[in-house]
Amino acid sequence: MTGLRAILWDVDGTLAETEREGHRVAFNEAFAALGLPWRWDVAHYGELLKVAGGRERLLHDMTARPDAPASPEARVELAGRVHQRKTAAYTAMVRAGRIPLRPGVRELLGECRAAGLRLGIATTTTRANVEALLEATVGPGWCEVMVTGEDTARKKPDPAVYRQALAVLQLAPGEAIAVEDSPDGVRAARGAGLPVIVTDSAYFAGAAIEGAAARGPGFDNRMGWLPAPVPPGAGPVRLDDLRRWWAPASPSSSTE
Ligand code: XBP
Ligand code: MG
């Protein structure tokens, strides 16, 4: 039985809490910079997160705004300008150190690297955002493959980013595990055949999520995870916990 070979990480909400005080704030800064009276409060942005992709989210929001441009072409042009300005604001925020990794992530990445696991990223967000976050935190050296929202025709919940990452690594889905925070992210990973574990994030902690091999509050605390880690005990989630959560879901464990 080949063991767990790779871990594919989601970014927003999983590696770092980027949405509420990051992307949302950057969008509001872009609206102000472009003289738009729009502002996304925490609750409204949480609703908009049902739409994958910042540009797509913006275009969706415009459908409910009477002061949005009338023509689809004008809306696409405006969304492009806002999103470009937003990405500049967001990456500046990240480079200023305002978006730390979630507790326990840095240590777990280090343990996985030391154990020789192959590590990658599969995300909906813009590549510049990921590069800025890695450079401002753990550096890019650990990431063997990075598939972003710009690299595939369809974003999560479509499985494309995960399929592409597995293809680059030349691994079968059952040789890896995905780490996610959102229902759409889990759908994307499951759609690619990957077992997936969920770390509850600010926006999706209460969300109904199907098909996770395990789910818990974060990697800094083994308490509160289901299935309960074995052996029981407090402290950070370790690579062995991931292996145990992965094993039953991996094909080599299947009886058929
Ligand atoms: C989360 C997303 C992204 C971000 C905003 O991606 O859906 O759209 O919210 O980034 P993931 P952009 O959880 O898959 O990392 O504005 O660059 O899309
Ligand atoms: Mg996410």
Side-chain angles (χ1 to χ4, degrees), residues 1-15 52-53 102 104-105 108-125 127 130 134 140 142-201 204 207-216 218-219 225-227 229-230 237-256:
M1 160 179 159
T2 54
L4 176 63
R5 307 275 304 278
I7 302 179
L8 293 177
W9 292 79
D10 167 53
V11 174
D12 296 300
T14 299
L15 281 182
R102 286 186 62 178
V105 166
L108 185 55
L109 284 175
E111 186 187 0
C112 292
R113 278 189 91 182
L117 258 75
R118 303 172 71 187
L119 301 172
I121 280 175
T123 176
T124 295
T125 197
R127 180 170 291 269
V130 188
L134 297 189
W142 59 273
C143 187
E144 187 178 338
V145 57
M146 182 190 297
V147 184
T148 74
E150 294 155 284
D151 301 322
T152 58
R154 293 178 307 280
K155 298 184 175 180
K156 297 175 186 177
D158 188 282
V161 286
Y162 281 108
R163 287 196 176 123
Q164 188 163 321
L166 287 170
V168 169
L169 295 175
Q170 296 186 305
L171 290 177
E175 295 179 285
I177 194 167
V179 185
E180 272 286 352
D181 73 304
S182 70
D184 276 354
V186 171
R187 283 189 203 104
R190 296 301 300 132
L194 278 144
V196 57
I197 62 170
V198 173
T199 63
D200 282 330
S201 60
F204 295 109
I209 290 183
E210 297 285 320
R215 183 173 185 178
F219 287 123
W225 280 82
L226 289 176
V230 174
V237 171
R238 307 300 306 270
L239 173 53
D240 268 352
D241 296 318
L242 301 188
R243 286 194 175 108
R244 288 180 196 278
W245 285 324
W246 164 82
S250 65
S252 40
S253 69
S254 58
T255 49
E256 62 267 3

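- For the atom pair CG of Asp12 and CD of Glu180, the computed distance is 10.0 Å after rounding to the nearest 0.5 Å.
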Pair Phe219-Leu109, side chain to side chain contact (heavy atoms under 4.5 Å, CB included): steps then yes or no: CA-CA 10 Å; Phe219 287 123; Leu109 284 175; over 6 Å; no
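- One N or O on the side chain of Arg190 and one on the backbone of Leu194 form a donor-acceptor pair closer than 3.5 Å.
- Looking at Thr14, its side chain does come within 3.5 Å of a backbone N or O of Asp181 through a donor-acceptor pair.
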Asp151 vs Met146, side chain to side chain contact (heavy atoms under 4.5 Å, CB included): CA-CA, chis, key distance, verdict: CA-CA 9 Å; Asp151 301 322; Met146 182 190 297; 5.8 Å; no
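- Looking only at distances, no side-chain donor or acceptor of Trp9 sits under 3.5 Å from a matching main-chain atom of Thr123.
- For Arg244 (side chain) and Val230 (main-chain N/O), a donor-acceptor pair under 3.5 Å exists by modelled atom type.
- Note: Leu134 CG to Ile121 CD1 = 4.5 Å, rounded to the nearest 0.5 Å.
- Residue Leu108 holds its CG atom at 9.0 Å from CG of Leu119, rounded to the nearest 0.5 Å.
- Across every non-hydrogen atom of Val198 and Ala212, the tightest pair is CG2-CB, 3.7 Å.
- Between the Arg102 side chain and the Gly13 main chain, a donor and an acceptor come within less than 3.5 Å of each other.
- A parallel orientation is assigned to the rings of Trp225 and Trp245, their planes being inclined by less than 30° (bins at 30° and 60°).
- Side-chain atoms of Lys156 come within 3.5 Å of backbone atoms of Ala122 as a donor-acceptor pair (strictly under, hydrogens ignored).
- With sequence neighbours left out, the side-chain contact (heavy atoms from CB on, under 4.5 Å) criterion links Ala167 to no other residue.
- Between Asp184 and Lys155 no salt bridge is recorded (no basic side-chain N to carboxylate O distance below 4.0 Å).
- With contacts defined as side-chain heavy-atom distances shorter than 4.5 Å, the pair Asp10/Tyr162 qualifies.
- Here the side chain of Glu111 pairs a donor or acceptor atom with the backbone of Leu239 at under 3.5 angstrom.
- Nearest approach of Pro173 to Pro195, heavy atoms of both residues: O-CD, 3.7 Å.
- A donor-acceptor pair under 3.5 Å is absent between the side-chain atoms of Trp142 and the main chain of Gly110, judged by distance alone.
- Scanning both residues, Ala192 and Pro159, for their nearest heavy atoms gives N-CB, 3.5 Å.
- Summarising the geometry of Ala208 relative to Pro183, their closest heavy-atom pair is O-CG, 3.9 Å, with the distance given to 0.1 Å.
- Asp200 places a side-chain heavy atom less than 4.5 Å from the side chain of Arg215.
- Here the closest heavy-atom approach between residue Ala160 and residue Asp158 is recorded as N-OD1, 2.8 Å.
- Of the inter-residue distances, the one linking Glu150 atom CD with Thr125 atom OG1 reads 8.5 Å to the nearest 0.5 angstrom.
- Checking side-chain atoms of Arg5 against main-chain N and O of Ala172 turns up no donor-acceptor pair under 3.5 Å.
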Verdict with reasoning, Thr199 to Val105, per side chain to side chain contact (heavy atoms under 4.5 Å, CB included): CA-CA 11 Å; Thr199 63; Val105 166; over 6 Å; no
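- Ile197 CD1 to Leu242 CG: the interatomic distance, rounded to the nearest 0.5 Å, is 4.5 Å.
- The shortest non-hydrogen separation linking Gly218 to Val237 is O-CG2, 4.0 Å.
- Classification of Arg238 and Asp241 as a salt-bridged pair fails, no side-chain N sitting under 4.0 Å from a carboxylate O.
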Trace of the side chain to side chain contact (heavy atoms under 4.5 Å, CB included) decision for Leu8 with Val145: CA-CA 9 Å; Leu8 293 177; Val145 57; 4.2 Å; yes
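- The structure places CZ of Arg243 at 8.5 Å from CD1 of Ile7, a figure rounded to the nearest 0.5 Å.
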